[in-house]
Protein chains: 2
Amino acid sequence: MSIDPNVSGEFSPRQSAVLAEALRLLVEGGDKALTTAGLARAANCSKESLYKWFGDRDGLLAAMISFQQSKVRTAERPGERLTSEALRDHLETFAFDLIEVLSGDVSLALNRLAIGQSSRDGSKLGRLLVEHGRRQIDRRARSLIDAGKRAGLLRFEDADGAYHTLYGLIVSDLHVRMLLGEPALKDNRVQARRAVDAFLTLHGTV
Amino acid sequence: MSIDPNVSGEFSPRQSAVLAEALRLLVEGGDKALTTAGLARAANCSKESLYKWFGDRDGLLAAMISFQQSKVRTAERPGERLTSEALRDHLETFAFDLIEVLSGDVSLALNRLAIGQSSRDGSKLGRLLVEHGRRQIDRRARSLIDAGKRAGLLRFEDADGAYHTLYGLIVSDLHVRMLLGEPALKDNRVQARRAVDAFLTLHGTV
DNA sequence: TGGGAACCGTACCGTACGGTACTTGAATTT
DNA sequence: AAATTCAAGTACCGTACGGTACGGTTCCCA
């Protein structure tokens with residue numbers, strides 16, 4: 001993962017600073033704490049600018065999601081020759097990273113926000129989150145799983161099913177529990193290892 | 001003593017009717033649609049009664065959770081002699097029921113509500129949901145898993161870990177996706193069977 | 001039959017938020 | 001140097017909600 005100070009040009013530096021402050025407010029106090037007046041005060045900008053840049057409050061929320069995800073890029077490993085140990089390593093790293101991402105303050109806050117709005121806006125934010133945020137991590141897992149199969153180290157018929165199995169083994173009900181306010185795990189590496197062990201028992205060839 | 005349709009006796013019939021209406025409003029339009037005035041109008045009661053019965057809005061939300069969970073009781077099967085097929089059947093039934101419960105309108109609405117409030121009230125509603133709502137289903141799964149082990153049909157060291165594995169295999173990211181607004185699965189039985197197959201591959205002795 | 005409790009319907013109050021309009025001041029352009 | 005642009009800051013408006021107060025009605029019980 002690398003931090004990218006928005007080279008994509010979607011948001012100006014000023015706007016990025018405001019969005020960062022908006023995320024800080026959201027993480028701090030939930031969506032009730034994110035008011036237009038409060039954001040303007042905290043970010044030293046005017047409400048009028050907020051409305052000019054983002055349209056309305058929903059536009060601001062959508063921009064916050066885009067902004068956050070423009071900062072998170074998953075490192076894509078180049079395809080090396082896979083050994084059994086390397087595959088296990090990569091899977092564990094993936095599992096660990098996944099738990100870390102899902103446990104992150106900003107991720108939890110944005111997911112809570114989207115879930116809270118899902119009944120009102122027809123899941124617009126939810127779709128944004130799933131499609132943009134998940135795509136990165138999905139692609140990484142898929143390429144890993146496919147590479148494992150090509151190398152003869154994994155066996156499955158349905159790549160999609162295998163990925164969901166892996167995801168479920170890693171996350172279980174942890175995500176929802178954290179969304180509901182439970183503290184994160186003490187050791188994400190243990191959980192990652194257990195999940196990968198199980199996954200390899202199910203789909204490994206060795 | 002009078003016959004009270006409310007099993008727990010925690011709420012009077014009138015209060016139960018109001019809480020049922022509150023759940024209906026919540027399912028229909030999310031937490032923004034659940035206003036005290038709106039509930040009073042929809043349930044033909046006065047706001048004053050709402051405040052007398054439930055204290056304030058948060059008390060109403062907590063009462064809604066208690067009320068809903070007082071209605072849902074999981075059927076506890078008596079302990080019969082377990083065969084391999086019976087265990088698989090019971091596991092699949094459990095998996096199916098779990099998905100059905102999590103996919104339910106009211107469950108999703110209450111989870112969304114608790115998640116939305118989790119940043120504000122110190123996860124009070126979240127704890128209520130997890131502790132009261134989850135306990136039933138947890139106990140059912142635990143007793144099933146333990147019975148499987150006693151019958152020599154399952155092998156594991158950590159019952160807690162085994163249960164979380166089962167849960168993850170069944171649910172994967174389905175719960176969060178539904179909370180974010182995605183439609184439910186087309187066929188929950190297929191998913192249940194797949195999950196139980198994997199679980200028995202991991203922890204079955206046959 | 002009278003009195004009290006519960007409760008409905010409504011009106012009311014304070015507040016807080018989303019969104020708009022206007023003024024001031026600074027920076028950039030011409 | 002004048003003009004134009006951009007944004008900060010503030011004041012304002014309408015609305016909607018949580019919570020309270022009160023008059024009127026029904027029902028129970030003595």
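Remember, it's a predicted structure, so these values are computed and weren't measured experimentally. The sequence lines fix the lettering, A, B, ..., with proteins before strands; numbering per chain opens at 1.
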Output the single nucleotide from [options] whose closest atom is nearest the side chain of [X].
{"X": "A:K52", "options": "C:dG19, D:dA7, C:dC7", "result": "D:dA7"}
{"X": "A:S49", "options": "D:dG9, D:dA7, C:dC8", "result": "D:dA7"}
{"X": "B:Y51", "options": "C:dG19, D:dG9, D:dG18", "result": "D:dG18"}
{"X": "B:T35", "options": "D:dG18, D:dA8, C:dC8", "result": "D:dG18"}

> DNA chain C: A:T36 or A:E48, which has the more 5' nearest nucleotide?
Replying inline: A:T36

How many whole angstroms separate atom [atom1] of [X] from atom [atom2] of [N]?
{"X": "A:L39", "N": "D:dA8", "atom1": "CG", "atom2": "C1'", "value": "14 Å"}
{"X": "A:K32", "N": "D:dG18", "atom1": "NZ", "atom2": "C1'", "value": "11 Å"}
{"X": "A:N44", "N": "C:dG25", "atom1": "CG", "atom2": "C1'", "value": "15 Å"}
{"X": "B:F54", "N": "C:dC7", "atom1": "CZ", "atom2": "P", "value": "11 Å"}
{"X": "B:Q117", "N": "D:dG18", "atom1": "CD", "atom2": "C1'", "value": "13 Å"}
{"X": "A:R120", "N": "D:dC17", "atom1": "CZ", "atom2": "P", "value": "11 Å"}
{"X": "B:R14", "N": "C:dC7", "atom1": "CZ", "atom2": "C1'", "value": "9 Å"}
{"X": "A:R57", "N": "C:dG18", "atom1": "CZ", "atom2": "C1'", "value": "9 Å"}

> Would one find more than 12 heavy atoms of other residues, nucleotides or ligands at under 6.0 Å from atom CZ of A:R14?
Replying inline: yes

>> With nearest nucleotide decided by heavy atoms, which residue, A:K47 or A:L50, maps closer to the 5′ end of DNA chain D?
In response: A:L50

> Between B:W53 and C:dC7, does any side-chain N or O lie under 4.0 Å from OP1 or OP2?
Replying inline: yes

> Distance check: side-chain N/O of A:R41 vs OP1/OP2 of D:dT10, anything under 4.0 Å?
Replying inline: no

Would you say the side chain of [Y] lies within less than 4.5 Å of the side chain of [X], judging by non-hydrogen atoms?
{"X": "B:L91", "Y": "B:L166", "answer": "yes"}
{"X": "A:L174", "Y": "A:E182", "answer": "no"}
{"X": "A:T36", "Y": "A:Y51", "answer": "yes"}

> So, B:D58 and B:K124, do they make that salt bridge, N to O below 4.0 Å?
Replying inline: no

